[in-house]
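For reference, the structure is listed below as C-alpha cells.
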Amino acid sequence: MKVSTQETVRTVGIGAGAKELATEDMTLNIGPQHPSTHGVLRLRLTLDGERISRAEPIVGYMHRGAEKLFEVRDYRQLIVLANRHDWLSAFANELGVVLAVERMLGMEVPERAVWLRTLLAELNRVLNHLMFLGSYPLEVGAMTPIFYSFQEREQLQRVMEEISGGRIHYMFNRVGGLKEEPPAGWTDRARRAVGEVRGRMGRISDLIMGNEIFRARTRGVGVLSPEQIRQYGVSGPIARASGVDFDLRRDEPYLAYSELDVRVVTRTEGDCLARFECLLDQVHASLDLADACLDRLAELPPGPINQRLPKVLKVPEGHTYAWTENPLGINGYYLVSRGEKTPWRMKLRSASYNNVQVLTELLPGNLVADMIAILGSMFFVVGDIDK
Amino acid sequence: MSVPLAAPDPTLQSFGQDPWWLIGGKVLAIFVFLVLTVLLSMWVERRIIGRMQLRVGPNRAGPFGLLQGLADGVKLALKEDIVPRQVDKVVFVLAPVVSAVPAFVSFIIIPFGPTVSIFGHQTPLQGTDLPVAVLLVLAMASMGAYGIVLAGWSSMSPYSLLGGLRSAAQIISYEIAMGLSFVAVFLFAGTMSTTGIVNAQADRWFAVMLLPSFLVYVVTMMGESNRIPFDLPEGEGELVGGFHTEYSSLKFAMFFLAEYINLATLSALATTLFLGGWRAPAPISTVWEGANSGWWPVLWFLAKLWLFIFFFVWLRGSLPRVRYDQLMKLGWKILMPFSLGWILLVATIRGLRNEGHDMTQVAIWAAVVIGAVLLLSIAWDLVGRGRGDGGEIVPDLDGGAAPEAAGGFPVPPLDAPHYHGVAREGADVTAHKEVASGSH
C-alpha cells in the first residue's frame with residue numbers, strides 16, 4: 001500500500017476496517033516526545049488498524065554535532081565530549097578515545113591502570129544493563145523491577161562516584177592512564193558492592209522472568225535473524241541474542257581482556273525475550289569479570305596509574321581506528337591527526353545508531369503494542385543515535 | 001447461622017418506605033463515602049506500591065500523607081484547562097461527565113448493612129434496591145464506556161482515538177464475560193436484587209459455592225477497570241495517555257475519579273455477589289451472635305471492600321500489561337466459553353436437584369464431563385498449535401533504487417545484490433519533506 005505524505009482528512013464510516021471497504025492507513029508519529037522512546041527518537045509508523053505496515057525511524061532530534069566539535073577540542077578535552085553521547089556508558093566511551101590516542105602516540109599504559117580500566121569498564125557495563133533491565137519491564141507495563149534495578153545501580157554508582165567523583169560522566173580516563181589513584185580501601189568496597197549486587201540480582205529476575213504475561217509479550221516477538229544483524233551492522237547484546245557470537249572483548253581483546261576468561265553470553269532465538277535474557281546473563285558475566293579484575297589488582301605491585309604528559313599534547317600525523325565493546329554494542333573511533341593539538345577528524349561509530357536502523361525491517365507486520373516491546377528491547381540511548 | 005435478633009434482614013419490600021430526608025441522607029452519604037474512598041484509595045495505592053517498590057510513597061501532606069489525594073485534587077483543579085483547537089468541543093466536555101456520573105450511580109444498589117434504626121426509622125443500609133439491581137451496575141459500566149470512547153473520539157488525536165477504540169472493544173468483551181459470571185449467582189440466589197443475593201449467602205458465600213464464577217469475575221473485573229494488567233486504553237508506554245491524552249485539569253480529574261470509583265464499585269460488587277456482602281466472615285459470625293446486626297456489618301463490608309482494593313493495588317505493583325490481542329483472546333476464547341460451560345453445568349445440577357436426583361451421582365458425572373471437556377480442549381490445543389496464524393502483513397521488500405549521487409560522498413550502494421533492506425522511495429522519505437507542526 002502506498003502511503004502519501006500529504007495531509008489527508010480521515011473519515012471513518014460505519015463498518016470501516018472491513019477488507020472490502022476502502023480503508024485508509026493511519027500515520028502515527030511515535031515521538032519525538034513519547035514515553036517509550038527514552039528521549040527523542042521519532043518513528044513514523046503507518047498503521048493498518050493496530051498493525052504496523054511501515055516504519056521509519058527518524059533520527060537527529062538530539063544531534064549535537066559531536067564529531068565536528070571533536071575537531072576543535074584538544075586531546076584532553078576530547079574525553080569530556082566523547083563520554084557524553086551514550087550517557088549510560090560514559091566510562092566505556094572515554095576508553096575508545098584514549099585507546100585511539102594512546103595507540104597513535106605509541107604510549108604504554110601502566111599495568112595497574114589497564115586493570116583498573118577493565119574493572120571500571122565492566123562496572124559501567126553492569127550499570128548500563130541494569131538500567132535497561134529496569135526500564136524494559138516498565139515499558140511492557142511492570143513498574144516494580146526498575147526500582148529494584150535502581151537499588152543495585154545506586155550501589156555501584158556509589159563505588160564509581162567514590163573513585164571518580166562522577167555518577168554519570170566519570171571523566172576518569174586520561175591519555176596514558178587514569179586520573180588518579182583509587183582512594184584507600186576502595187577495592188574492598190568495590191568488591192563488597194559487586195558481591196551485594198550479584199546476591200540481589202536474583203530478585204530482579206524473579207520479579208519478571210517467570211511472569212507469564214511478560215513471556216507472552218516477548219517470546220517470539222521481534223525476531224532478528226543473524227543475516228539481518230550482519231547486514232545492518234547490529235552489535236552488542238542484541239546481536240548476540242540472535243546467535244551472532246561476536247564480542248570484541250574476546251575476539252579482538254583490548255585492555256586486559258586477553259588475560260581474562262570472557263564469557264560471551266549468546267542466545268539463538270533472536271526475540272525480545274532472548275535480548276532481555278542476554279542482558280540479564282551478561283550482568284552476571286560482567287560481575288564475574290569485575291571480581292577477576294579486583295583479584296588481579298590486589299596482586300599487582302604498586303606502581304604509577306598514569307603517564308606524565310607534555311603540556312601541549314600533539315598526536316603525530318596518521319590515522320587509526322579504535323573500537324571497543326561498549327555495553328550497547330561496538331563503539332568505534334576513527335581518529336585522523338595532522339600533527340596538531342586537535343584531531344583533524346574523529347569519526348564516531350556508535351552502537352545505537354546502527355542498532356535502531358534495523359527497526360525499518362523489524363517493525364512492519366507487528367502490532368503497536370509489540371512495537372513497544374521491540375523498541376524497548378533494542379536497548380538504545382538516543383544520544384548514542386544522534387551523537 | 002443465627003437469626004438476627006433486632007430486625008429481620010431487609011428484602012426487596014423493605015425499600016421505598018423511607019421518608020424524603022432519609023433518602024436524601026442516604027444518597028449524600030454514598031456520595032461522600034465514594035469521594036472519601038477515592039481519596040483514601042489513591043493514598044493507600046501509592047503507599048502500598050511504594051512499599052513494594054523499596055520507596056516511601058507520599059508522606060508529606062497531612063499525617064502520613066493522608067491528604068495527598070486532596071492535595072492532588074486541588075492541584076488538578078487549579079491547572080490550566082486546555083481544550084485543543086480542533087476537538088469536538090461539546091463531546092469533549094461531555095465525555096468526562098459521561099464517564100464519571102454512571103460510576104457514582106452504580107453504588108446506589110450496594111448493600112452496606114442490614115436494617116438499622118436511623119432517628120427511629122427502621123431502614124436498610126442501602127441506597128435502594130431493584131429487582132434488576134445487578135443489571136443496573138452492568139448498564140452503568142456500559143455508560144461509562146461511552147465516556148471513554150467519546151473522549152477518544154472527540155480528542156482528534158491518534159493516540160486518543162486508538163485508546164478509545166481499544167477501550168470500547170475491551171469493555172464490551174469483558175462485560176459479556178462478566179455478565180455470564182453473574183448468571184450462576186442469579187441461578188443460585190433466584191434474584192437479581194442485591195439484598196436478595198446477600199440474603200442467599202447467609203449459609204455459604206458464593207465465592208465458595210461458585211468458585212469458577214468468582215474467578216471469572218475477578219479477571220473480568222480487572223478488564224473492566226482499565227487497570228494493569230489490562231490498562232490498554234491508557235497504556236502509557238504505547239498510547240501516551242490513551243483516551244485521556246488531550247485532557248487536563250478538572251476534566252482529567254473526572255476520568256481519574258471515575259476510574260477509582262469504578263474500582264470501588266467493582267470491589268463492592270464482588271463483595272456483595274461472592275463474599276456474602278455485609279455478612280461477617282465465618283469464624284466471627286459463629287462465635288458472636290450480634291455480628292450480623294446493627295451497624296457492625298458496615299465494618300465487615302468495608303474490610304472486604306478494602307481487601308479487594310488491596311488486591312487491585314497488588315496486581316498493579318507486580319504485573320506487566322498484556323497485549324491487546326492477548327486480552328481479546330483471553331476474553332472471547334477462554335473466559336466466555338468457560339463461563340458458558342460453567343453456567344450449563346450449574347443449571348443442570350440445579351435442575352437435577354430440583355427433580356430430586358442423588359447429588360453424589362450428579363457430582364461424579366459432572367466431574368467426568370468436565371474432565372472429558374478439559375482433555376478435548378487440551379487435545380485441540382495440541383493439534384491446533386501446528387497451524388500458523390496466517391494473514392500477517394508481509395513488508396514490502398523489493399530492492400530499492402540507488403539514491404542519486406549523495407552529494408558526491410562515497411556511500412555504499414544500497415541496491416547491491418546482497419542487500420535486501422526496505423526500499424526507500426524518493427517521494428516517501430521524510431527527510432525530503434519539511435516537518436510541519438502538529439501531529440501529522
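Note that the coordinates shown come from a computational prediction; the quantities given were computed from them, not determined experimentally.
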ask   = Got a second to check how far B:Arg323's CZ is from A:Asn366's CG, nearest 0.5 Å?
value = 8.0 Å
query = Residues two or more places apart in sequence or in another chain: which of them pass side-chain hydrogen bond (donor to acceptor under 3.5 Å, both in side chains) with B:Gln86?
reply = none
note = Closest non-hydrogen contact found for B:Pro320 with A:Asn211 is CD-ND2, 3.3 Å
ask   = Can you tell me if CZ on B:Arg51 sees more than 12 non-hydrogen neighbours from other groups inside 6.0 Å?
value = no
note = Closest non-hydrogen atoms of A:Ile213 and B:Arg321, given as atom of the first, atom of the second and distance, are CG2-O, 3.6 Å
remark   = So, the part of A:Arg230 with a heavy atom under 4.5 Å from chain B: the answer is neither
Residue list, side-chain hydrogen bond (donor to acceptor under 3.5 Å, both in side chains) with A:Lys347, at least two apart or on another chain = none
inquiry  = Taking side chain as everything from C-beta outward and backbone as N, CA, C, O, which of these in B:Arg55 sits under 4.5 Å from a heavy atom of chain A? Side chain, backbone, both or neither.
reply    = side chain
task = Kindly compute the distance separating CE (A:Met143) from CD (B:Gln53), expressed to the nearest 0.5 Å.
result = 4.5 Å
key: Per-residue contact mode, A:Val59 against chain B (heavy atom under 4.5 angstrom)   = neither
ask   = For B:Ile49, is it the side chain, the backbone, both or neither that has a heavy atom under 4.5 Å from a heavy atom of chain A?
value = side chain
key: For chain B, which residues of residues 144-155 of chain A have heavy atoms nearer than 4.5 angstrom   = A:Thr144, A:Phe147, A:Tyr148, A:Gln151
message = List the residues meeting side-chain hydrogen bond (donor to acceptor under 3.5 Å, both in side chains) with A:Tyr136, not counting sequence neighbours, and say none if there are none.
response = none
note = To the nearest 0.5 Å, atom CG of A:Leu207 lies from atom CE of B:Met52 at 11.0 Å
